[in-house]
Every structure is written in structure tokens, then in C-alpha cells.
Novice: 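Below is a structure I'd like to ask you about.
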Amino acid sequence: MKVSHYFEFESRVTGGIRESVAHQRKMLDRLGIEYTTEPTLEADVLHCNLLGPRSAWYARRAARRGVPVVANTHVTAEDFGDSFRFTNALARPLRPYLEWAYGLADALVCPSEYNRGVIESYADVPTTVISNGVDREKLAGFEELEAEYRERYDLEAPVVFLVGHVIKRKGLETFVETARRLPDVDFAWFGPLDLSLKGRETTALIEESPENCTFTGYVDDVRGAYAAGDVFCFPTHEENEGIALLEAMTAGKPVVVRDIETFEWLEDGRECVKTAADAGVDAFVEAIERLADPDLRERLGANAAERSEEFSLETVAGRYRSLYEEVI
């Protein structure tokens with residue numbers, strides 16, 4: 001079996017999509033499946049991670065050649081808005097394009113049941129839920145970086161933190177305002193911070209954030225974020241899955257999330273604290289105050305680490321082999 005594992009715009013796209021592709025290729029390596037990162041119809045399967053115009057062109061040719069097409073549904077109009085400058089304006093015309101593009105595939109890979117529910121309104125194509133997974137090896141030894149990263153960003157435990165691109169959709173306003181209400185608690189958001197890509201509202205939230213709210217920008221070793229943080233606060237309004245959430249859980253950190261469909265699999269009071277889906281700042285302040293209790297943090301964090309094992313690359317990998325064999 002040979003797979004054309006193509007990631008259009010690979011040199012430009014970062015964040016969760018890039019991590020997902022890296023995870024998939026690690027899984028293919030572990031499975032011993034031969035693959036190329038170039039788009040080609042000389043493979044047994046054309047697997048597209050972003051159905052941009054070049055991918056769509058190859059997908060149409062693949063249909064004529066009898067080469068099955070698998071595509072990941074990383075992008076939806078629902079989660080495209082409130083991301084970067086101009087994305088809100090592009091979200092509406094994006095949907096009809098994605099409906100057409102996803103319709104070119106023979107099988108669609110959705111990272112969560114929630115994402116599958118959204119995608120089934122886009123195209124009449126068979127869907128399979130396969131988690132983006134969590135690369136446990138990438139986090140190995142993270143604990144050793146605790147002192148270094150806390151000193152680097154002047155953080156004192158317990159640290160409330162988040163990892164990933166700083167964008168409004170991920171609950172930026174809630175994160176900042178919760179920090180403002182808890183001036184004696186350090187908050188840190190680890191992730192790329194290019195203000196030229198932000199809208200005015202997002203830029204203002206960042207620039208006018210309180211002193212106890214740190215935006216680190218890009219970190220050279222993401223393990224340092226999970227070492228420095230104690231409570232993973234993820235007030236996102238829309239998410240297809242959330243690789244950073246899975247990484248935080250793997251690192252044994254308790255998480256605070258909204259009770260949105262994406263996180264239905266998380267159990268409130270077991271590995272996380274949930275607020276209402278439409279909760280305001282008060283609910284997040286209350287959740288963080290509850291997690292000031294170190295015993296509660298330890299219990300939820302241990303449960304989170306145990307639950308994360310079902311998302312390991314070792315656990316997820318076989319699902320890709322099964323899918324490829326099925327479409328072939």
C-alpha cells in the first residue's frame with residue numbers, strides 16, 4: 001500500500017492542523033505504510049489534509065483514474081470565524097466551497113463526533129471519526145522545564161494557562177477578563193502572537209490585558225508551557241477537537257472548558273470542571289477558585305492523564321490502516 005499524504009499550504013499553515021498532519025505521518029511510520037508528501041495519482045490512496053484548489057484538482061483527476069480520495073475535515077465555516085483578520089468575512093463564502101470540495105472525497109475523516117455532525121450537513125460522503133491524537137513522546141520530560149519557564153515568564157503557582165494561537169474564538173475575552181477578576185493568580189497564554197494578523201478587538205484585548213495575564217508569543221519548546229501551567233483554562237466557543245487540550249490532559253493537568261458539544265466526552269468533576277456553554281466570566285472565576293485546592297487539581301489531573309491514553313497515537317493509528325483498506 002502506498003499513500004499520497006498531501007498537505008496543501010504546508011509551509012504556511014501552523015497550529016492544530018499542522019500538528020494533526022505530523023501525528024498522521026508518525027502513525028503511518030509506525031504502521032509501516034509507505035507514503036509520499038507529494039500529490040500523485042500513482043499511489044493507492046490520495047489523502048488530502050486541506051482541500052485547497054490544488055488538492056481539489058488532484059481529487060477530481062483521482063476520481064477519473066479510480067484512485068480513492070480520503071480527506072480530513074480540519075476546516076469548517078463554523079470554526080473559521082473569529083480566528084484571524086478577515087476570517088469572519090470569508091466564513092460565509094467558505095461554506096459552499098467546502099460543500100463542493102468535501103463532496104469530491106470518497107471518505108472524510110472527522111476528528112470528533114461533533115465535527116462529524118457538522119460535516120454531515122456539508123456533503124453526502126461516508127465519514128469516519130479518527131481523533132487527531134496526542135503525541136505522548138513529544139511531551140516526555142516536560143516536568144524538568146518547570147523552573148526554567150516559570151522564571152522566564154515570572155509565573156508563580158498555581159498558573160492558569162492555555163496553549164495555541166491567540167485568537168478570539170478560543171475564548172480570548174473570557175481568559176483576559178477572568179485574569180482581571182483574579183489579580184493574585186498568574187495567567188499565561190503560550191502561543192504565536194502576530195498582532196498584524198489580529199483584528200482591532202483582539203489586539204485591544206491583548207494590549208489592554210491586566211499585568212497578571214502574560215502572552216508569551218511563540219515558545220521554542222512547548223513542553224515548557226505544560227511544565228509551567230497548573231490549570232488548563234480553555235474557554236473556546238467552537239472547536240473541532242483540541243490537540244492542546246489532549247496534551248494538557250496527557251501532562252496531568254486539570255482542565256476548565258465550556259459544556260459545548262465537542263467536549264461531551266469529558267466528565268465534569270472527574271477530569272475537568274465544566275461551565276455552561278454560554279457561561280460568562282463569573283463561571284470561569286468560580287471554576288478557577290475551586291481549582292485553587294491542590295488536592296482537587298491532583299485528582300482531576302490524574303484522571304485526565306488516564307483518560308488521555310485512549311487518544312495516544314498508538315491507539316489511533318490502526319484506524320487509518322482500516323480506512324485505507326476499506327476505500328481501496
Novice: Rounded to the nearest 0.5 Å, what's the gap from OG on S55 to OH on Y6? Could you check?
Specialist: 5.0 Å
Novice: Does L104 reach the side chain of R60, with side-chain heavy atoms less than 4.5 Å apart?
Specialist: yes
Novice: Answer yes or no: are there more than 12 heavy-atom neighbours, outside R116 itself, under 6.0 Å from its atom CZ?
Specialist: yes
Novice: Check side-chain hydrogen bond (donor to acceptor under 3.5 Å, both in side chains) between T178 and all other residues, then give those that pass, not counting sequence neighbours.
Specialist: none
Novice: Ignoring hydrogens, what is the shortest heavy-atom contact between F9 and P53? Give both atom names and the distance.
Specialist: CZ-CD, 4.2 Å
Novice: Between CG of N115 and OG1 of T127, what distance do you get to the nearest 0.5 Å?
Specialist: 9.0 Å
Novice: Hey, is R299 close enough to D293 for a salt bridge, meaning N to O under 4.0 Å?
Specialist: no
Novice: Can you tell me if CD on E8 sees more than 12 non-hydrogen neighbours from other groups inside 6.0 Å?
Specialist: yes
Novice: Do the charged groups of E177 and R181 touch, with an N to O distance under 4.0 Å?
Specialist: no
Novice: Taking the side chain as every heavy atom from C-beta outward, state whether R61 and Y58 have any pair of such atoms under 4.5 Å apart.
Specialist: yes
Novice: Please name the pair of heavy atoms, one in Y149 and one in A228, separated by the smallest distance, quoted to 0.1 Å.
Specialist: CB-CB, 4.0 Å
Novice: If every non-hydrogen atom of V163 is compared with every non-hydrogen atom of A225, which pair is closest and at what distance?
Specialist: CG2-CB, 3.8 Å
Novice: Answer yes or no: is there an ion pair linking E286 with R290, defined by an N-O contact shorter than 4.0 Å?
Specialist: no
Novice: Under the 3.5 angstrom rule, does the side chain of K26 hit a backbone N or O of L313 as a donor-acceptor pair?
Specialist: no
Novice: Side chains of Y102 and L51: closer than 4.5 Å at any heavy-atom pair?
Specialist: yes
Novice: How about E201: does its CD atom have over 12 heavy atoms from other parts shown lying under 6.0 Å from it?
Specialist: no
Novice: Test of understanding: with ring pair (Phe, Tyr, Trp, His ring centres under 6.0 Å), list the residues that count as partners of Y153, not counting sequence neighbours.
Specialist: F190
Novice: Would the number of heavy atoms belonging to other residues, nucleotides or ligands and lying under 6.0 Å from CD of E144 be above 12?
Specialist: no
Novice: Quick one: do E42 and R65 make a salt bridge, cutoff under 4.0 Å?
Specialist: yes
Novice: Between the side chains of R307 and E271, is the shortest nitrogen-to-carboxylate-oxygen separation below 4.0 Å, so that they form an ion pair?
Specialist: yes
Novice: Within the supplied structure, the quantity of interest is the number of heavy atoms (other residues, nucleotides, ligands) at a distance under 6.0 Å from E298 CD; does it exceed 12?
Specialist: no
Novice: Mind checking the CG-CD spacing from L246 to E310? Nearest 0.5 Å is all I need.
Specialist: 9.5 Å
Novice: Using side-chain heavy atoms (C-beta onward) and a distance below 4.5 Å, is V70 in contact with Y320?
Specialist: no
Novice: What's the spacing between T202 OG1 and I167 CD1 if we round to 0.5 Å?
Specialist: 9.0 Å
Novice: Is a side-chain N or O of T73 found less than 3.5 angstrom from the main chain of V109, in a donor-acceptor match?
Specialist: yes
Novice: Could you check whether any side-chain heavy atom of L291 comes within less than 4.5 Å of a side-chain heavy atom of L300, counting everything from C-beta outward?
Specialist: yes
Novice: Would you say the ring centers of F187 and F161 fall short of 6.0 Å from each other?
Specialist: no
Novice: How long is the gap from SG on C213 to CH2 on W189, to the nearest 0.5 Å?
Specialist: 9.0 Å
Novice: Any luck finding a side-chain donor-acceptor pair between S20 and Q24 under 3.5 Å?
Specialist: yes
Novice: Tell me whether the NZ or CZ atom of R321 lies within the 45° cone about the ring axis of Y324 and under 6.0 Å from its centre.
Specialist: no
Novice: Okay, side chain of N212, backbone of L182: is any donor-acceptor separation there less than 3.5 Å?
Specialist: yes
Novice: Only pairs under 3.5 Å count here: list side-chain donor-acceptor contacts from residues 262-269, not counting sequence neighbours, and write none if there are none.
Specialist:
{"from": "T262", "atom 1": "OG1", "to": "E239", "atom 2": "O", "distance (Å)": "2.6"}
{"from": "W265", "atom 1": "NE1", "to": "T262", "atom 2": "O", "distance (Å)": "3.3"}
{"from": "D268", "atom 1": "OD1", "to": "K274", "atom 2": "N", "distance (Å)": "2.9"}

Novice: Would you say R258 and T174 are linked by a side-chain donor-acceptor pair, where the criterion is simply a distance under 3.5 Å?
Specialist: yes
Novice: Check L323 against A107 and note the closest heavy-atom contact, atom names and distance.
Specialist: CD1-CB, 4.1 Å
Novice: Side chains of E173 and H237: does their closest heavy-atom pair fall under 4.5 Å?
Specialist: no
Novice: Using 0.5 Å steps for rounding, measure from the CD1 atom of I33 to the CE atom of M27.
Specialist: 10.5 Å
Novice: If I compare all heavy atoms of E261 with all of Y114, which pair ends up nearest, and what's the gap?
Specialist: CB-CD1, 3.5 Å
